[in-house]
Amino acid sequence: MATAGKSALTARAEDFPRWYQDVVARAELADNGPVRGTMVIRPWGYGIWERLAAALDERIKAAGAANAYFPLFIPEAFMQLEAEHVEGFNPELWVVTHGGGKALEAPVVVRPTSETVINYYFAKWIQSHRDLPLLVNQWSNVVRWELRPRLFLRTTEFLWQEGHTAHATEAEARAYALRILTDVYQETIVDVAAIPVLVGHKTARERFAGAVRTWTCESMMGDAKALQMGTSHELGQNFAKVFGTQFSDTDGSLHYPWQTSWGASTRLIGALIMAHGDDFGLRLPPALAPVEVVVLMVRDDEGVRRAAVQLADDLRRAGRRVHLDDRTDTGFGRRSVDWELKGVPARVEVGPRDLAEGNVTLVTRHRRTKEPVALRRLLDAVGDLCDRAAGELRDEALAFREARTVEATSLEAAIDAGASGFARVPWAEVGEDGELQLAGESLTVRCLQRPDGTLAAAGESDDALVAVVGRAY
RNA sequence: CGGGCUGUGGCGCAGCUUGGUUAGCGCGCUUGACUGGGGGUCAAGAGGUCGCGGGUUCAAGUCCCGCCAGCCCGACCA
């Protein structure tokens, strides 16, 4: 049985950006900060971030990296050392010029990313091959000047994790960057966030400032635009050279280590909204939902409260994250809509009518269906729902992406198809000149991959690869 | 930085062209009653330096000048 009701939001098809803003506001995910471009993450949004961060953190640690923390303030001089890094980040820097009421002798940069400070310490800590590999990660905020902020997607300050590693060999660094890409980012995004991804590497034009290669996970949002979900960079020896990081090898010779860096941010919350949301609000995969199941009392009489409390207890004991909504001074419709907006995967409605028949009503958020369930079957039914939800959301997103992806054989065809989705076109048909043309059409190459969708191998030429072209956030 | 637009209770807006009584509407908020299975009904309330500064006038939300802030569109970005 489908649930009734009209949308509380702007329809997605009518105005996607406005729908997005509506969801962020109505699901109480975030608010604009008082300084332009800054963001207040509200408890519901932060609850999602905590779960996402935990999923990433667990995998980062499994990959051997340990958490550390480096300072927010970076000497301006550090930022000016690596040529491409300078060029890439200077336009985005916030510089502190005063402290304690006086002009600082040397201005200080608010970190836009931490390659430079971290490498300053790597130079100190790395002396011997025995110090390698050095694998650190930090959870932090970063600050970048932004011209057009949008909550979660592009804000002046955002939260992320950034990993930084140093290895004895190029092959090892490369393997590690790839391991992070697939075992941390791809796995978290696909398995936990239930968002299908395309993996590949960036063209020179799209590469991270200071990297020799940038690997990326790219996804399609509900408006058929692309969003970069997580990136992993091979930095080569670029930073090691400018910071003078060297290690003595077993034979006593000195070498620069090979490095990686990688990050994923609160932008993933934006991805969750745009990949799974519908006209009725957010749809959360259970693993990321701060509340998996809400028990909603229709009225507070005829033993409803006793039954609802009991059910919530049973669910909690079964390991589910449960919220009991007993606000019976608020209308039923209002409360239903609230939880739907927030994307809670399962809702259990408890009222006299159900109880009279020994039932409750179970509502599945992502399908917007409701069905009566016998009281004694509820734990299993909620369990099934939570087990199935992520897979069904993922299938839906994948089907959408496939329907909006075109195999193109020429640049012209790719430009045409890119307007309404992704185009897969041989990179040989694009090239750096083609990339310029694409830019003129507000299109970019999101990533390069093999025709079968797999990652290029070490030393493999780009010539036989396919470019995924699309509009992007 | 170039072009277009907007500032009026928490949010969204009307009022301005043609100055004139007490600045209004929707949503939200408070209280109460009736309700209650998808934003329910009724009643009574609270809440405003009309962005800021100056000017014109007997009189300015409304007209004039300046400033400030924000939004949208074009080149960067997790």
Side-chain angles (χ1 to χ4, degrees), chain A residues 1-10 15 17-18 21-22 25-26 31-32 34-37 39 56 87-93 111-114 140-150 152-163 185 202 205-209 214 216-218 227-233 261-271 280-281 296-302 304 327-341 347-357 359-363 365 368 370 372 436 439-440 442 444 472-473:
Chain A
M1 181 172 58
T3 53
K6 58 183 183 304
S7 173
L9 306 165
T10 306
D15 185 342
R18 194 166 154 205
Q21 289 186 322
D22 284 356
R26 300 295 299 279
D31 232 325
N32 283 303
V35 171
R36 179 182 156 77
M39 165 168 64
L56 289 166
E87 197 188 330
F89 279 103
N90 269 1
E92 298 184 61
L93 293 182
R111 65 178 163 224
T113 180
S114 302
S140 73
N141 57 343
V142 283
V143 174
R144 299 177 182 181
W145 182 259
E146 288 294 349
L147 295 174
R148 299 192 52 201
R150 288 186 73 184
F152 292 117
L153 300 175
R154 199 190 299 109
T155 50
T156 285
E157 180 190 7
F158 58 88
L159 304 183
W160 77 345
Q161 70 47 228
E162 50 177 324
Y185 297 147
K202 292 290 190 184
R205 187 187 169 86
E206 300 286 325
R207 197 196 283 149
F208 176 75
T214 288
T216 181
C217 289
E218 300 281 330
L227 187 70
Q228 181 172 304
M229 310 287 284
T231 51
S232 183
H233 316 291
S261 72
W262 24 278
S265 72
T266 39
R267 169 178 275 190
L268 288 175
I269 298 173
F280 301 89
L296 192 153
M297 286 168 47
V298 174
R299 301 214 307 259
D300 191 1
D301 59 10
E302 301 178 48
V304 167
R327 299 173 297 162
T328 46
D329 55 350
T330 300
F332 171 83
R334 164 62 62 96
R335 293 182 289 143
S336 303
V337 170
D338 278 353
W339 294 115
E340 191 164 61
L341 282 165
R347 194 165 75 242
V348 177
E349 299 176 357
V350 187
R353 233 155 62 195
D354 300 298
L355 293 178
E357 295 169 21
N359 289 339
V360 289
T361 298
L362 178 61
V363 186
R365 170 61 185 94
R368 293 193 85 244
K370 52 169 76 179
L436 263 177
S442 308
T444 49
Y473 278 95

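Hydrogens, waters and symmetry mates are skipped; everything else that's a heavy atom, side chains included, is used.
- The C1' atoms of B/rU17 and B/rG26 are separated by 25 Å, rounded to the nearest whole Å.
- For the pair A/Gln21 CD and B/rC72 P, the computed distance is 7 Å after rounding to whole Å.
- Here the C1' atom of nucleotide B/rC77 and the CD atom of A/Gln228 are 9 Å apart, to the nearest Å.
- When every heavy atom of A/Thr155 is checked against every heavy atom of A/Gly37, the shortest pair comes out as CB-O, 3.3 Å.
- Atom CG in A/Asp300 sits about 14 Å away from atom C1' in B/rU35, given to the nearest Å.
- For A/Arg154, taking side-chain heavy atoms from C-beta onward, the closest of the listed nucleotides B/rG38, B/rG39, B/rA78 is B/rA78.
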For side-chain contact (heavy atoms from CB on, under 4.5 Å), just list the numbers for A/Thr444 and A/Arg205, CA-CA rounded to whole Å, side-chain angles, deciding distance to a tenth of an Å, and then say yes or no. CA-CA 9 Å; A/Thr444 49; A/Arg205 187 187 169 86; 5.7 Å; no
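- Nucleotides B/rC71 and B/rG12 place their C1' atoms 15 Å apart, quoted to the nearest Å.
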Given A/Arg365 and A/Glu340, is the side-chain contact (heavy atoms from CB on, under 4.5 Å) satisfied, shown in steps? CA-CA 7 Å; A/Arg365 170 61 185 94; A/Glu340 191 164 61; 3.3 Å; yes
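- Aromatic stacking is not marked for A/Phe332 over B/rG38, as the cut-offs of 5.5 Å for the centres and 30° for the planes do not both hold.
- Using a 4.0 Å heavy-atom distance criterion, A/Leu268 is classed as making no nucleic acid contact.
- Using the Watson-Crick or G-U wobble rule with both distances under 3.5 Å, B/rG74 pairs with B/rC1.
- Looking at which nucleotide of RNA chain B each of A/Pro149 and A/Phe152 is closest to, the 5′-most match is held by A/Pro149.
- Base pairing analysis places B/rC50 opposite nothing; no Watson-Crick or G-U wobble pair with both distances below 3.5 Å involves it.
- When rounded to the nearest whole Å, the span between CH2 of A/Trp339 and C1' of B/rG38 equals 16 Å.
- Heavy atoms of A/Thr156 sit nowhere under 4.0 angstrom from any nucleic acid atom.
- Taking the C1' atoms as reference points, B/rU22 lies 22 Å from B/rU18, given to the whole Å.
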Yes or no on side-chain contact (heavy atoms from CB on, under 4.5 Å) for A/Val142 and A/Glu162, after CA distance, side-chain angles and deciding distance? CA-CA 10 Å; A/Val142 283; A/Glu162 50 177 324; 4.2 Å; yes
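- At the heavy-atom level, A/Glu92 lies under 4.0 Å from the strands shown only through sugar-phosphate atoms.
- Across all strands shown, B/rC68 forms a Watson-Crick or G-U wobble pair with B/rG7, both key distances being under 3.5 Å.
- To the nearest whole angstrom, the two P atoms, one in B/rG24 and one in B/rA46, are 13 Å apart.
- Base pairing analysis places B/rA43 opposite B/rU31; the two distances defining the Watson-Crick or G-U wobble pair are each below 3.5 Å.
- Base contact: A/Thr155 has a heavy atom under 4.0 Å from a base atom.
- When the side-chain nitrogen and oxygen atoms of A/Arg334 are compared with OP1 and OP2 of B/rG28, one or more of them lie within a distance under 4.0 Å.
- A/Met229 has its CE atom 14 Å from the P atom of B/rA78, to the nearest Å.
- Here, B/rA60 and B/rC16 have their C1' atoms 10 Å apart, quoted to the whole Å.
- Of all nucleotides listed (B/rA78, B/rG39, B/rC71), B/rA78 comes nearest to the side chain of A/Arg144.
- Between A/Arg368 and B/rG38, a side-chain N or O to OP1/OP2 separation shorter than 4.0 Å is absent.
- In this structure, A/Arg144 does not pair ionically with A/Glu146, as no charged nitrogen and carboxylate oxygen lie closer than 4.0 Å.
- A/Phe89 has its CZ atom 7 Å from the P atom of B/rA78, to the nearest Å.
- The side chain of A/Arg36 sits closest to B/rC71 out of B/rG37, B/rC71, B/rA78.
- For the residue pair A/Thr10/A/Asp22, the side-chain donor-acceptor check at 3.5 Å is satisfied.
- When each of B/rA78, B/rG28, B/rG37 is scored by its nearest atom to the side-chain atoms of A/Pro352, the top-ranked nucleotide is B/rG37.
- Shown here for A/Tyr185 and A/Thr231, the closest heavy-atom pair between the two residues is CE1-O, 3.5 Å.
- One can place NZ of A/Lys370 at 10 Å from P of B/rG37, the figure rounded to the nearest angstrom.
- Counted by atom type alone, A/Arg111 and A/Asn141 present one or more donor-acceptor pairs between their side chains at under 3.5 Å.
- Side-chain proximity of A/Leu147 to the nucleotides B/rG39, B/rC77, B/rA75 is greatest for B/rA75.
- Across the P atoms, B/rG51 and B/rG32 are found 36 Å apart, a figure rounded to whole Å.
- Distance check on atom P: B/rC42 versus B/rG9 gives 27 Å, rounded to whole Å.
- Residue A/Arg26 is in base contact, counting any heavy-atom pair closer than 4.0 Å across all strands shown.
- A/Gly263 comes within contact range of no nucleotide atom at all, as no heavy-atom separation falls under 4.0 Å.
- Comparing the same atom, P, in B/rG38 and in B/rA44 gives a spacing of 29 Å after rounding to whole Å.
- Both A/Val360 and A/Ala472 lie close to RNA chain B; mapped to their nearest nucleotides by heavy-atom distance, the more 5′-ward contact belongs to A/Val360.
- Comparing B/rG39, B/rA78, B/rC77 by their closest approach to the side chain of A/Thr231 singles out B/rA78.
- The side chain of A/Asp354 lies closest to B/rG37 when the candidates are B/rG38, B/rG37, B/rC77.
- The partner of B/rU18, taking Watson-Crick or G-U wobble pairs whose two distances both stay under 3.5 Å, does not exist in any strand shown.
- The distance from atom CG of A/Leu9 to atom C1' of B/rC11 is 15 Å, rounded to the nearest whole Å.
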